[in-house]
Every structure is written in C-alpha cells, then in structure tokens.
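Presented below is the structure to which this report refers.
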Amino acid sequence: MNRRVTLAAIVTVAAVIPLAACGQENTGNAASTKPTGKPTVCLVMKSLANEYFQQMQKGAVDHVAQLGNVTLDSSGTQNETDVDGQVALVEKCITKQVQAIVLAPADSKALVQSVAKAVKAGLKVVNIDVKLDDAALKQAGVDAPFVGPDNREGAKLSGLELAKALGKGAKVAILEGNPGADNALQRKNGFNDAVAQGGLQLLDSKTGHWETDEAHTVFGNMLTAHPDIQGVLASNDSMALGIIKVIEERKANIKVASFDNITAVKQYLQSGVMVSTLDQYGSQQAANGIDYALKMINGEQVTGWQKTPVKVITKDNVG
Amino acid sequence: MISISVARGNPRTSRAVSQVLGEAGIGVALVALALFFLAFAPHFGTAQNVRDILTQITLNTILAVGMTFVILVGGIDLSVGSVIALCAVVAGTAMKGGGSASIPAAVLLSLLIGAATGLVNGFVTERWRVPSFIVTLGMLYVARGAAEQYTGAATIYSLPAALTGFGTTTLVGLPAVFAVALLMAAVAWFVLSRTVFGRLVYATGNNEEAVRLSGHRTGVIKVVCFVIGGACVGVAAIIYMARLGVASPILGQGYELNAIAAVVIGGASLSGGRGSVIGTLLGACLLGVLTNGLLLMGVSDFQRTIVTGAVIIVAVVLDAYRKRLSIRLSATS
Amino acid sequence: MSTVVDTPFLDIAGLTKRYAGVTALDGVDLSVNAGEIHILIGENGAGKSTLVKCLAGIERPDAGEMTLAGAPHRPAGAAGALRAGIQVVHQELALLPALTVAENLFLQRMPRRLGLVDRGGMRRRARELLGQVGLEVSPDTPVERLGIAQMQLIEIAKALSVDCRLLVMDEPTATLTPRETATLFTQLRRLTANGVAIIYISHHLEEIFEIGDRLTVLRNGQRVHTGPVAGLTTAELVRMMVGRDLNAEYPPVTARPVGEQLLRVTDLRVTAGAPPVSLSVRSGEVVGVAGLVGSGRTETMRAIFGADRPAGGSVEVRGRAVRIAHPRDAVRHGISFLTEDRKAQGLVLDLSIAANISLASIDRVSRLGLLRHAVENAAARELSSRLHVRATGPHQTVRALSGGNQQKVVLARWLAADTDLLIVDEPTRGIDVGARYEIHQLLLTLADSGKGVLVVSSDLPELLGICDRIVVFSKGRIAGEIARPEFDAERVLNLAYSGYLKNGISA
C-alpha cells in the first residue's frame, strides 16, 4: 500500500507477473437474483493479491456465513490501481441486479460515476476502506455512506495513553508514515491532537516511511539530537519496532505509543516499553460495510461517515 | 629508440596525482561534508554518533559492495530490495523462536536464496541476452511477491537472542555489524585487485569481446558477479535481522537505489569496467553521513530528500570532471 | 551508346585529405561530365571512399578545389551536398529497419496533403520507384523483413527518387544478381540520357567494361590514370592498380625449414550456404590470405578460432581432430588470433599495458587464482622492450598509446600466450612505416622459431613481402594458391577478382 512507485514499476507490472487472475471471483453461490429469497450483496474489492484485502474478504465471508440471511458476491481487481477493471466489476453487479454494493474504491474520484449509476439503478452503495471524494459525489448528485475507522481519532486515543503514562510536559517525538498518504496524515494529526490535549512537548516530527530500518535510523539520529526525548508516537507498529530497537541499544527510558496492533509488538506491550497501540479491526471493515448495506436494504437511512469501532490496546488488555 | 624504462616527464607523480583524484576525490568530498556537519550539526562528532553512522551505513555498504561486482561487468541489479526481504523472511522463519543453534542453518539459507536469485538474474541476462535492467526488474516483483506469499504479509519476530545480541555488540568500539561489512569490503577489494577473477571482471566490463577473444568465458564471469551480488544480499538480510530483531516482507523497498547511488558516487561507470570497492565504501559513507547530519540539523523531510538528490548529482558531475582531468594527465604523461 | 557531352560537370583539382599522419588523398584531380558514367577504381585503401566522403560533405578536404557546374562546391555537411544535387548510395546501408519500404523511400520528403502525410500518394510513388529498380515487394513491408540485396535496391531507389545532378554509387552491385544488375544499368542509362553525371565505384571488372564511359584509377591516394574505358584490357587495369615498388620495404626473406603440419582445415563452412574452405599451415610457414574485403577471409579466420560458430567442416591441430567451439578451445590448442579491429575486439583500453599483455596467458602470471603482479610486470616489461613499445611503463593505460604501440601490445599478448599458430588479421593497418617493419620482422622471427603464421591482409605488397605462399579468397571460396617463387601481384589480383567474373579473365 505504501509501495514507492518507481517509473520502471509502472512500465512493467502488468506484463511481468500476473500476480492474480484478472477479475477474480468468489461466488460461492453464484446466484444473481434471489432464488432463496435472500438479498445479494456485491463486495467489490481492490487487489485480492494483497494480504490486507485478503483478510478483509475472509472476514466478510465468515460474517455472511454467520448471518445466513444474505448472499455474498465478492470480486477484486488485478492490482490496486486497476480503475477500469473495478468499474467493470461494479457494472457487472448492476447488470446482475443485486440489492447492494459494498465498494473499496481503487480511486476516490474515478469510481464516483459508477456509484452514481448503481444508485440510480436502485442499488444501495456502501463505501469502505478509502472514502469517495465528497465534491465528486456532490457533483454526481449521489450519496454513499462511508463505513470505516477514524484514523485521527485512533491515533489520538493511542497518543493519550502515552500522555497518561508520561505526565504533562513530557518531551516527545512523532514518526510519520509516507508523506502524502491520507492515513499517514490522519494519524499525524491525531498524534498532534494528543500532544495538545495531553500537554506534551513535541520536539521533532519526521517520516520513517512506515519502515522498521528507516525508523531505526531516523529515530536514532533524533535521539542523538534530542537526548531528552521521553516518548515517541509511531504511526505504525513496523516503525515502532525500529524505535524500540534504538531504545534497547541506548538503554534509554523511553515509552512508545503506536498504531496497528500487529502480533510482533505484543511482547513490548507486555514488557512496558510500548504503552499502547491501536486496533482498528481492518479485517472487519468489509463485514461492517455489509451490515450497513443490509440496514439500507431494510429501509434504514444511512448517510455520511459511519465510524467503525477502534480499540486501544495496552498492557492490560493485550492478553 | 626509447625503451620502456626511459620515460618522458615524471610518470610517477602524474600517476599518483591521477590516483589521488581517482579514489580520493570522493574522499575529499566526504571530509568536506563531515567538517561542515561538525561545525553546524550538534552532536555530530560524538563517539556515539560515529558509531550510529557506522551502524546505519552497514546494510547499504554490504549491498553496495555486491552491487559493485554487478555494475563492474556492465549490469545492474534492481532486485536487491525485494531479495533482501525474501532472504530475511525465509531465514527469519527458520530461526523464529529457536535458539542460537538455529542460526547457522538460517544464515546458509539466506546466502543460498540470495545467490540463487543472483544466479537466475545473471543466467537469464546472459542466456537470452536481455538487459539486466529488465530481468532484475522482473525479479524485483517475483521476490517481493514470494516474500509476501511466504509470510502471509505478517512480520516475523522472536528471533534468537544470540543473533539480536550480535546486532548490538561492539568490537573495539566498532559496531560488530559494521565490522562484518568492512570485512566483506576488504575481501571484495582483495578479490577485485589481486585475483585473476577480479582482473577478468574489470576487463570484461571494459571490453567483453576482447576478453572473449583472448580465450575467456565472459558469460560465466558475468553470471558469477550476479551470484556474488545476490550472496551479499543474503548477508545483508541476516544483518538486518540482527540489528532490528524482525523481518517483514515489505522491508528493503528502495534499497537497490541506495546501493546503486553509493557505487556510482564511488566513481563507478554504469557501462561497466570502472569502479572500486574503496570508492563504493566512501560512497556509502557519504550517503550515511549526509542523512545523519541533516537529521541532526533538524532539516525537514522534504528538504532532506532534495539535498540528498542534489548531492548525488553534484558528486557524479564532479566525478565526470575529475575523470576528464585524469585522462588528460595520463595522456600527457 | 551513352551520350557523352564534353562539359565537365564536376571538376576536382588537387584534392588532399590526411588522417593522423596518413595521407588518404594526395592531390587528386578528377573531372566528370554531365551524362557520363565515370568509373573510380583502385585497391582497398586507395582513397576511393575518402574522395566520395569529401564530395558528400562527410569529410572536409585539407586542400584542393571542387567545382560543381561551374560553382565552387564546399559542402559544410551531408545536407549541403544533398542540396547541391549530389546523391550517394553508400556501401553501408542507411535504412531504418522498423519503417516500411515507402517510409524509407520518402523519409527526407514525405508527400504531404493538408499538413498530413499523404499515405495514398506515397504508396503510389513508391510502387513506381520499386518498378524502376525491378523490386517486387509491397511498399508497406517493413524493411527489416527484406533480404540484403533487396535493401540495396531500396537504397538505389531512394537515390533515384530525387532529382539529382550527380549520383555516386559505391559498390552498388555487391549483393545483386545479374538480373537485378541489368535492371540497375538500364536505370543508370536512363539517368545519363537526362544529363545526370554518375560516379561508379566497383570491384567487378566485367561491370566496369559494360557500363563505364571513362575511368580513373587511384593508387595510394594518388590518381595514376584517367581515360576512356574502351580499349583497356583487364590486365592493364590490374597493373595500374597494383604497380608498386616493393624493394627494401620488407625484411629479407630467408629460406626456412618447413616442419610438421600445425593446422589443417577441411571443408569449413562459415555459414550454412557458404562454400567449403580448406587450408593448412605448417610449422615455420608464413601463409598469406589475400582477397577483397568481404571475400570471406576474416569470416573464415574467425570460424577457425571459434569466434563465430562455423556451419560445418573439420579442424586438425598437429594431425589430431579437435573441436573449437569457443576462442578458449582455440587458445588451448595453441592458436591465437589478432583481430582486424584492435579497439573493438582486441584492447581493453582502460586497463594497463601489463593487464592487456597477460590477458590470454593469465595462468602464467598467477598462482591459485591470485595475480602475481611482480611476475606480470616483469613479463610485460620484457615483451614491451622486445617489441619496442613506447610507453611510460607497464602501468600505463593502453588508451593513451598510439595506434602502432597499441597493436604491438595486442601482439605481445599473443606472444605471451606462446601459441604454435598465430593468425593475424590486418596486422599493420593504420600503422606508421617504422612499426610496420618491426611487426613484419617479428612475424618472420616467429616463423624462424618454428611457429606457423597466417596473415590476412588487404595490403598486397605486404603479403608479397613476407609470406611463403598466399591463399587467395574470392567470393567466399579459395580461388587459388601461389607459392613464393611464382609470386606476382597481378596473379593474386586476378584470382581475387575471379569469383566476381563470369568467364574469368586472362592476365
């Protein structure tokens, strides 16, 4: 997701390795209309070759199996930027006359036309993962609710745990994600909110490009320049791992607040060097979207941003 | 008749001058940069910071030493950033939760995977006469995909304490991981300047047809260079895990460009035949010092990116100017 | 049958061109009339191509005047010559392989309509032109799918498509069949009837007599004869081309005992369709290989050495059948090969003299894969002084050396390899007289010590000067062999041209 796109990459990707079969489909019960009377929901994803979406799809399939009152028709594109492929998938859903579409758009603007077409055809559309562009939606005269976590709020919650642990006036630094990535910006803003609200003193804020090694280098040098740092706000757990390595090397007493909750950080939550991380239940996002789609099929009005639950993970609940 | 021992001018002096200009040119730039940071970047000159710099340049040094072989025979390896991830996740999985007894096999595995990708890169390039740029670009995707597939995108942790302990050990004040890099550079220098193979590497990069017509299998020489480059990536993967205690399938993105930059700043020619391990080492130092100093000065991310790029360009332009000068010197000698 | 009008259209006086110490053209005069086909003839390196290059604006002459239709002709570049109405069909093809026949024909002037390329009009014109040269291909065929002869015809059609006043053709028929050649000649006569002047360069003596009005013979950059073609005999022609004093230019030849057979090549085919070639070299022999450029000399040597893979044939070294698939095999069997292009195929320009010398014998200056620099430098010093290489020392890069010294370094490489048989291709091309003598002497010394030497050369006096016998190639096959007692330049030339004549010539 945060891959540095090189010029060369653009040239060859498609030709070199067909990572995934085009327009993968996973229609356990290929029903288009409803022979059983159950509504059908189309789940249109991005690249299913990506572990993140793979998990999300699995969560949706499990969820639907549990519900039992809905048929799932899920598909994904060949790669994450395959806009044309995704437009075709949405149109296929319209043609099949399903009741609702849950969409993780490959592009926040380019998919708006397809969404408008679906809405006008009487389908319910729920937006997950990346929010469709508000201005473009407005221009097209449609509304599609966005179901997803609030990165900014999550980062703030995690950051406040650090403020609680260090106390007012403590000196902290932020390690940012890729400059230009929307979630990186949201998390940075959330951390800044926590700094302001918790009365922390921010010494430095730099990018580590989501990456362990670079975070190690950047934070190591930050610590040399500011030996009095007491806490770090890391925009993801991969970077937190590099930061913790520096802390161990220098035998410093520094606490870390982070984001993502990958299993590799569990030991550090337990040992106390990491005070908090944030679980935004990424694998549940598609399932959440399906829930909202069902609500809309049942006549409920859903608009705007439906925030999905996030959970601050600390020593107490890491398990 | 002027015989060989009677020379005009003073060849020894002009040779010395052109040699100084050759490898030390980049050294002068490095010293100038270091002096600048000593004056303007707080904490730059502390022993701790020097150790930090050495630790921070370790990976790039190892990768760049391997890349030097590939570039000397006129190739390029764009796959190192992905291959290091593949080596790391496979070797990391082999060691995960294990004791120090699991380390040797994992190291061997990492080296083998690195060397095997190098063999594929080199063989395909030679056998079908395809530019290595394209072949290794393909390998970039294959290795990255394989690493993701192998781990299911999860980060590997719980590596043996002996390994991570090595990552923080110091030997007579030097970080042990940097000592490994230095040792590899020394071996590479020896191979390139003292062995028949090294001589043939330079000669092949310079004029492959002449070497072939002198009775040497240039294809084999080139493939071996790719294998050496790959094996270096395997070592770098182990060092990565020793230092950071984790392995993730997304690690290493962009490493190939850092390694190429170090080699080129070190005076190598991308068309092959010219370059040196010492130059590469200095090139890696220059990049590391630059990043370190700019971070200590508190320069913003965006400005740091711009300055790094500008320094690469300036270094290469200076090098081109220096080369013209030394060619003139050797021609007039 | 040509309409010869006696007004010199092109007048060249005292044209001189020097390249780094070599005089390629030495005060050459040439006048060509409108409506005339003027033949330019001479040995390889006589100055024909240089003259054409000056005319076409590719090279600038050092001295002399060129006058075109009464006005001074001093082209600043190729474009200037084109504007002056000069079209040249070069030996090397200058087509763009990915473009179609029609696009290549009109590359310089695409027919336009309303600012767009007029494809229909272009195709129509292309078909006309192709008809003129008798080439039956679609104008939409990409040029890369055509054969070499067809490409040659496209080049000719391209030249015909322009209204030129002077047409220069440099060996246009080298790859053409007699039928295609006849079609070409019809077109040339059509042009001369319209008053176009033509300079025609060819090695095909028969053609010269068929198409030429007058001819000029060049030798060593000088004009030796101009006159009508009619009345000349091929024998006279050959004598004018060769006639050179050979005395004292070469080391004295002493009788050497000829030893065992070092190399025997039987029915070697360079490519699948090529004629079989057989030759042998004995110990103590210097064997010359003569022939025109492109007659198969170099190709055969490369195949023997394993530089290119031959399509068939067998090789015996010292009576034992061997398989040579790579230069490595050749070196192992005691064969070395000095290539004709020393910069592209011989020297490693950025490495030192010592490294270049040891390249083919690196095992002798190393132990267990480690270089022994002291041994290597000593060997380089010894060979450099034996060959009189003028350099600052074994560390100097060969890029800085002069052509003659560079050639000596490559020779030194093969001396260091100490092989039984040495094949040298154009060993003295572009080399000053002193170095040339030294190299000749060295080759003879090698033969004295029992080695075998194969010398490929376009320099006939060189072969006559140092060889024990000369094998003459013509059009891919060996046309004959002459031993020293029967040495005669005319005989060699007659043999060299024999493959290009239908009935042979009487010398």
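Note on naming: letters A, B, ... go to the chains in the order of the sequence lines (proteins, then strands), and numbering restarts at 1 for each one.
Just one of C:Leu415, C:Val281, C:Asp418 meets the side chain to side chain contact (heavy atoms under 4.5 Å, CB included) condition when paired with C:Lys451; it is C:Asp418. No option in C:Val315, C:Val322, C:Asp420 other than C:Val315 meets the side chain to side chain contact (heavy atoms under 4.5 Å, CB included) test with C:Leu263.
At a 4.5 Å heavy-atom cutoff, the contact between C:Arg302 and chain B is made by side-chain atoms alone. Neither the backbone nor the side chain of B:Thr204 comes within less than 4.5 Å of any heavy atom in chain C. Proximity to chain B is limited to the side chain of C:Thr339, based on heavy atoms less than 4.5 angstrom apart. When heavy atoms are compared at a cutoff of 4.5 Å, C:Arg413 approaches chain B solely by way of its side chain, counted from C-beta outward. For C:Ser361, no part sits under 4.5 Å from any heavy atom of chain B, backbone or side chain. For C:Ala355, the parts lying near chain B are the backbone and the side chain together; criterion is any non-hydrogen pair under 4.5 Å. Contact of C:Glu376 with chain B is made through the side chain alone, with heavy-atom distances under 4.5 Å. For B:Val191, no part lies near chain C; criterion is any non-hydrogen pair under 4.5 Å. Contacts of C:Asp329 with chain B are made by side-chain atoms alone, with heavy-atom separations under 4.5 Å and no backbone atom involved.
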Compile the donor-acceptor pairs under 3.5 Å between side chains in residues 115-131 of chain B and protein atoms, sequence neighbours left out, one pair per line.
unit_1: B:Thr117; atom_1: OG1; unit_2: B:Ile113; atom_2: O; d: 3.4
unit_1: B:Thr117; atom_1: OG1; unit_2: B:Gly114; atom_2: O; d: 2.7
unit_1: B:Asn121; atom_1: ND2; unit_2: B:Ser79; atom_2: OG; d: 3.2
unit_1: B:Asn121; atom_1: ND2; unit_2: B:Thr117; atom_2: O; d: 3.4
unit_1: B:Thr125; atom_1: OG1; unit_2: B:Asn121; atom_2: O; d: 2.6
unit_1: B:Glu126; atom_1: OE1; unit_2: B:Arg129; atom_2: NH2; d: 3.4
unit_1: B:Glu126; atom_1: OE2; unit_2: B:Lys222; atom_2: NZ; d: 2.9

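The line from CG of B:Asn206 to CG of B:Leu200 is 12.5 Å long, rounded to the nearest 0.5 Å. If you take OG1 on B:Thr280 and CD1 on B:Ile260, they are separated by 12.0 Å, rounding to the nearest 0.5 Å.
Under a 3.5 Å cut-off, the side chain of B:Ser132 and the backbone N or O of B:Ile76 do form a donor-acceptor pair.
Contact count versus chain B (heavy atoms, under 4.5 Å) is highest, among C:Asp363, C:Leu370, C:Leu349, C:Leu368, for C:Leu370. Most heavy-atom pairs under 4.5 Å with chain B, from the set C:Leu371, C:Val348, C:Val331: that is C:Leu371. Here C:Ala307 is the residue among C:Ser366, C:Ser358, C:Ala417, C:Ala307 with the most heavy-atom pairs under 4.5 Å with chain B. In terms of heavy-atom pairs under 4.5 Å with chain B, the best-connected choice from C:Leu359, C:Leu347, C:Asn356 is C:Leu359.
Between C:Ser384 and C:Ile353, the closest side-chain pair of non-hydrogen atoms falls below 4.5 Å.
Atom CZ of C:Arg264 sits in a sparse spot, with 12 or fewer heavy atoms from other residues, nucleotides or ligands closer than 6.0 Å.
A donor-acceptor pair shorter than 3.5 Å can be found between the side chains of C:Ser458 and C:Arg297.
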